Amino acid sequence: MNTVNNQKNAGFSGYFPTWCPGCGNFGIWAALKTAFTNLSFTPENFAVIFGIGCSGNMNDFLWADSFHALHGRAIPNAVGVKIANHKLPVVAIVGDGDCYGEGGNHLMHAARGNHDITVIVHDNRVYGLTTGQVAPTALKGFKAKSTPSGIIEVPLNPIALAITQGATFVAQGFSGDINHLVGLIEKGIKHKGFSLVNVFQPCVTFNSENSYAWYREKIYKLGEDYDSSDINNALAKSMEAETKIPLGVIYETDRSTYTDSLPQITQKSLLESLAPNLEIIAKLMDEFV
Ligand SMILES: Cc1ncc(C[n+]2csc(CCOP(=O)(O)OP(=O)(O)O)c2C)c(N)n1
Ligand code: SF4
Ligand SMILES: [Mg+2]
């Protein structure tokens with residue numbers, strides 16, 4: 001059972017996580033709280049949308065104005081919030097199953113539209129909450145409850161997918177390197193346009209193959225000399241997915257965002273325009289309760 005602690009600070013809700021001891025989600029939680037604090041975010045000046053999963057359970061542990069969406073539907077909810085109030089920073093926190101499986105179509109279309117949201121993916125290559133079925137990023141041959149003889153499909157490549165579908169910021173981090181991850185999250189949020197931060201997150205209970213040690217053998221950080229504005233460089237890096245794995249900002253470019261292209265909200269956000277009628281809208285909504 002959660003213990004309530006009244007210190008709502010640095011993004012901490014006062015409820016301690018229920019994740020398994022050693023879970024990579026702790027590192028991502030710490031990085032998010034630090035990034036939000038560094039960006040001076042308080043609940044009233046940003047929005048967080050969670051998917052369903054062990055990752056989505058962070059909804060209870062983070063001090064934010066948040067919405068816990070249906071499985072696979074965090075991204076369209078985040079896009080909706082952004083269009084309603086494009087002045088608000090919007091962050092979607094999702095699992096690999098949520099974002100690349102059930103919600104994979106939403107990822108592609110949000111990237112195409114360059115919707116100005118930041119998607120943080122807890123990539124543990126497994127369905128954690130439902131106790132260990134394979135996820136789209138599971139490596140070929142991975143044996144899990146749902147695939148006792150090993151998964152037949154090849155893994156989805158989130159970095160290549162996001163770049164080729166029009167994402168304007170694509171980065172990759174590791175939950176075992178919190179300081180580095182903080183920087184990536186901050187850059188992703190500051191970026192104007194669709195940003196994806198794929199975070200490798202060991203699931204110590206249902207994925208013993210892709211452990212902290214497994215990642216530490218393969219990951220390396222992109223150096224100062226790496227040019228993240230060159231799409232060909234980025235695509236080449238995206239193909240380094242198994243024997244060596246790059247961490248850092250893999251691709252970054254400028255393109256006008258979806259809301260920048262809506263003349264109706266140039267002067268005022270949709271929320272500001274609707275403000276005088278919010279009471280009427282609330283009454284109409286009550287009819288559906
Ligand atoms: C529409 C729908 N399908 C399936 C489920 C059951 N379900 C809940 S969480 C989950 C998988 C979660 O995996 P992932 O998104 O990778 O998150 P993790 O638990 O690994 O953080 C599934 C299949 C659901 N809640 N809703
Ligand atoms: S099942 Fe895996 S992802 Fe879920 S809390 Fe436990 S270690 Fe973390
Ligand atoms: Mg997962």
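Positions are given from 1, in the same order as the sequence printed here. Predicted, not measured: the structure shown is a model, and the values here were computed from it. One-based numbering, in listed order, for ligands and for the atoms of each.
Counting the atoms of ligand 2 from 1 in the order shown, those under 4.0 Å from a heavy atom of Cys23 are 3 (S), 5 (S), 7 (S), 8 (Fe). Residue Leu129 approaches ligand 1 through these ligand atoms, each under 4.0 Å from one of its heavy atoms: 9 (S), 19 (O). Atoms of ligand 1 found under 4.0 Å from any heavy atom of Ser55, numbered from 1 in the order shown, are 17 (O), 18 (P), 21 (O). Close approach of ligand 1 to Asp96 is summarised as follows: ligand atoms under 4.0 Å from at least one heavy atom of the residue are 14 (P), 16 (O). Each of the atoms 8 (C), 9 (S), 12 (C), 15 (O) of ligand 1 lies under 4.0 Å from some heavy atom of Ile52. Shown in contact with Gly128 at under 4.0 Å from a heavy atom are these atoms of ligand 1, numbered in order with element: 18 (P), 19 (O), 20 (O). Here is the list of ligand 1 atoms found below 4.0 Å of a heavy atom in Val126: 16 (O), 20 (O). Near Gln201, with a cut-off below 4.0 Å to any heavy atom, the atoms of ligand 2 are 3 (S). Near Cys54, the atoms of ligand 1 lying under 4.0 angstrom from a non-hydrogen atom of the residue are 18 (P), 19 (O), 21 (O). Each of the atoms 6 (Fe), 7 (S) of ligand 2 lies under 4.0 Å from some heavy atom of Thr205. Using a 4.0 Å cut-off to heavy atoms of Asn124, the atoms of ligand 2 that qualify are 3 (S). The atoms of ligand 1 that sit less than 4.0 Å from any heavy atom of Gly97 are 14 (P), 15 (O), 16 (O). Near Phe206, with a cut-off below 4.0 Å to any heavy atom, the atoms of ligand 2 are 1 (S).
When side chains are defined from C-beta on, Ile189 does not count as touching Phe46, because their heavy atoms never get closer than 4.5 Å.
Ion pairing of Asp98 with Arg73 is absent here, as no side-chain N (NZ or NE/NH1/NH2) approaches a carboxylate O to less than 4.0 Å. A salt bridge is defined here as a Lys NZ or Arg NE, NH1 or NH2 lying under 4.0 Å from an Asp or Glu carboxylate O, and Lys82 with Asp116 meets this definition. A salt bridge is defined here as a Lys NZ or Arg NE, NH1 or NH2 lying under 4.0 Å from an Asp or Glu carboxylate O, and Lys187 with Glu252 fails to meet this definition. Comment: Lys192 does not engage Asp254 in a salt bridge, judged by the lack of any side-chain N to carboxylate O separation of less than 4.0 angstrom.
Ring-plane geometry between Trp19 and Phe26 is classed as perpendicular, the angle between the planes exceeding 60 degrees on a 0 to 90 degree scale with a lower cut at 30. Under the 30°/60° scheme for interplanar angles, the aromatic rings of Phe12 and Phe16 are found to be tilted.
Protein heavy atom in closest approach to atom 7 (S) of ligand 2: Val204 N, 3.5 Å. Given atom 4 (Fe) of ligand 2, the protein heavy atom at minimum distance is Cys54 SG, 2.4 Å. Protein heavy atom at the shortest distance from atom 2 (Fe) of ligand 2 is Cys203 SG, 2.4 Å. At the top of the distance list for atom 7 (N) of ligand 1, counting protein heavy atoms only, stands Thr130 CG2, 3.5 Å.
To the nearest 10 degrees, the angle centred on the Mg ion (ligand 3) between O in Val126 and OD1 in Asn124 reads 80°.
Looking at Asn114 and Thr168, their side chains do bring a donor and an acceptor atom within 3.5 Å of each other. Thr131 and Lys145 form a side-chain donor-acceptor contact under 3.5 Å, judged by distance and modelled atom types alone. Side-chain atoms of Tyr215 and Gln201 form no donor-acceptor pair, as typed in the model, at a separation below 3.5 Å.
Ring to ring, Tyr15 and Phe61 are not that close: their centroids are 6.0 angstrom or more apart.
Note: an N/O pair closer than 3.5 Å links Asn124 and ligand 1 by distance alone. On a distance-only criterion, Ala135 and ligand 1 share no N/O pair closer than 3.5 Å.
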Quiz item: For Val90 and Thr118, what are the C-alpha separation, side-chain angles and deciding distance, and is it a side-chain contact (heavy atoms from CB on, under 4.5 Å)?
Solution: CA-CA 6 Å; Val90 179; Thr118 302; over 6 Å; no
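Across all non-hydrogen atoms, the minimal contact from Val134 to Ser146 is N-OG, 3.1 Å.
Atom 6 (Fe) of ligand 2 has an N, O or S atom of Cys20 under 2.8 Å away, backbone or side chain.
Distances from the Mg ion (ligand 3) to each N, O or S atom of Asp96 single out OD1 as the nearest.
Heavy atoms from both the backbone and the side chain of Asp98 come within less than 4.0 Å of ligand 1.
To the nearest 0.5 Å, the span separating OH on Tyr127 from CD on Gln133 amounts to 8.0 Å.
Selection from Gln133, His71, Met58 by nearest heavy atom to atom 1 (C) of ligand 1 gives His71.
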